[in-house]
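What follows is one structure encoded as structure tokens, with my remarks underneath.
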Amino acid sequence: MMTEPTSPIVTRFAPSPTGYLHIGGARTALFNWLYARGRGGKMLLRIEDTDRARSTPEAIDAIFDGLKWLGLHWDDEPIFQFQRAVRHREIAEALLAVGRAYRCYASQEELQEMRETARKEGRPPRYDGRWRDRDPSEAPADRSPVIRLKAPQEGETVIEDLVQGRVTWQNKDLDDLVLLRSDGTPTYMLSVVVDDHDMGVTHIIRGDDHLTNGARQAQIYEALGWPIPKMAHIPLIHGPDGAKLSKRHGALGVEAYRAMGYLPEAMRNYLVRLGWSHGDQEIFSTEELISLFDLNRVGRSAARFDFAKLENLNGLYIRNSSDEYLVDALEKFLPELPDGADLAPRFSVLRARVLAIMPGLKERAKTLIELFDGTRFLFAERPLQLEEKAKTILSDQARAILGRAIPMLEATEWKSVPLDAAVRQLAEQESVKLAAVAQPLRAALTGKSTSTGIFDVLIALGKDESLARLRDQAGKTVAA
RNA sequence: GCUCCUUUCGUCUAGCGGUCCAGGACGUCGCCCUCUCACGGCGAAAACACGGGUUCGAGUCCCGUAGGGAGCGCCA
């Protein structure tokens, strides 16, 4: 079969390192990654660090770490935009040379005035092009100019967006943007165009806050005679109240989600469904996502971030993970816990017990924090600190039952079936429901009112430790 | 203010002119399972923003209105 020779897909993720990798950025990276991976292409990483004052090495590390944690591996070496400033300047000069750009000497005061006037007259605040056709001899000697693009003043600029569809701007509404600042450094608008071109980017997938930039960048491509990459502007993520995502809701760095005990694969599944769908399907393996993801299935309206759904999905991923995987995940997760450093040495010692309790535990936990909390009784020192509810359960009567349970359990083989039979038999002898025996056992064994199945607890703790904990709490009275 | 985008259950969404008195998922509520808490099972309530068109027929196409969002820098 003949196949059309297609140029390989190249996408890019281009964050500016001025803070953490926030959740919206993570989703943008995910979409870029999926789109490229599903088509045998590459996803490149470009750090847009041209804002020297706000860019920090910590933020760069946060981006690298966040992407790695999510498993979104980029191709080739990351590009640092600032290092390419010379190239950007060359392009601006080239545009100047061919008359597609010009020097503008307008002062900040003049620009300010223009904006105010325009606003007053109900027009968009725009540069009025006063240096566009002025003779260079009129240039003031004491002022260094910026270089502006000589943008078309009539007609329209159109973007055929893969998500938004055809979007049109009247050129009269777009002004002559600055390409090169008066200090000779390139602006973002110029840098992005030159870098995307030089990196061979074929598909620009980014937040729709860049949609207007897309139009202005299209004008730069036009002036340069370069082909315009395909663009896809994906809707933004909003907070639960519909307003722009802020720190208050979910605009945390991805490291914050890691600390909250979310699994990266659950995170990815949640994020991809924010704006993208494949019929009614909710759960996707990574392989499925790579093969199914497409831009034409991305919606055009903003989605609200919903922790409840993320948590549910995370619980589902935990339940479907193997016990070994979860024990490893917990061990790696320890540093995120306040007392993690103290627990780490004991964790490796008690690892087998953690593994033993895992099948029952993973049905109950929605986050790694909850999962770990479920194992804490294994680490507890005798005599146990009892939670309030556990104290309530351990009434005198309950303690008396425990007292009678001890000799019985001592004589029982420490396996699930015999233990089950023994406890049930005791309940029968006491003429109480199973709960009236199980709950006191649970309270004495774990210090809590809830846990995994009581027989699992007995087995994970082992015979000696279990009986010791029961003796700690049992009532002395045997005769009533 | 101007430009652009957007509007289906509380939330994420399915729906690409008739098969929709609108489907799934999360959340909520009820019942079942049950040693607790979960898991699981069953069931319920819950939406096409509004107004005009086009059409035999509109959630689906067009135009307004209203709401929401983004952008309008010598920031990125």
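Each chain gets a letter, A, B and so on, in the order its sequence line appears, and its residues count up from 1. Remember, it's a predicted structure, so these values are computed and weren't measured experimentally.
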Pair of N/O donor and acceptor under 3.5 Å linking [N] base with [X] side chain:
X	N	result
A:R364	B:U36	yes
A:S182	B:C74	yes
A:K366	B:A38	no
A:D209	B:G71	no

Point to revise | B:U19: pairing nucleotide in any strand, Watson-Crick or G-U under 3.5 angstrom | key: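 With both distances under 3.5 Å required, B:U19 matches none.
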Exercise for review: May I ask you to decide if the ring planes of A:Y35 and A:H203 are parallel, tilted or perpendicular, using 30° and 60° as cut-offs?
Suggested key: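 Taking A:H203 first and then A:Y35, their aromatic rings sit tilted (interplane angle of 30° to 60°).
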Check your understanding: A:F31 vs A:F293 aromatic rings, parallel, tilted or perpendicular, using cut-offs 30° and 60°?
Key ->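 Because their plane-to-plane angle lies in the 30° to 60° range, the rings of A:F31 and A:F293 count as tilted.
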Point to revise | Near-strand residues of residues 263-276 of chain A, defined as heavy-atom separation under 4.0 angstrom from RNA chain B | key: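 Output list: A:R273, A:L274, A:G275.
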Review point. Looking at residues at least two apart in the chain, or sitting in another chain, which of them share a side chain to side chain contact (heavy atoms under 4.5 Å, CB included) with A:S395?
Key: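 Residues passing side chain to side chain contact (heavy atoms under 4.5 Å, CB included) with A:S395: A:Q397, A:A398.
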Exercise for review: Please check if any side-chain donor atom of A:R84 sits under 3.5 Å from a side-chain acceptor atom of A:S191, or the reverse.
Suggested key: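 No donor-acceptor contact under 3.5 Å links the two side chains.
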Exercise for review: Check A:S277 against A:R273 and note the closest heavy-atom contact, atom names and distance.
Suggested key: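 Smallest heavy-atom distance, with atoms named: CB-NH1, 3.6 Å.
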Exercise for review: Syn or anti for B:C5, please, going by whether the chi angle lies within 90° of 0.
Suggested key: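 B:C5: anti glycosidic orientation.
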Point to revise | Distance, P atom - from B:G52 to B:A58, rounded to whole angstrom | key: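 13 Å, rounded to whole Å.
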Check your understanding: Partners of A:R376 by salt bridge (Lys or Arg N to Asp or Glu O under 4.0 Å), sequence neighbours excluded?
Key ->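 Checked A:R376 against salt bridge (Lys or Arg N to Asp or Glu O under 4.0 Å); matches are A:D339, A:D373.
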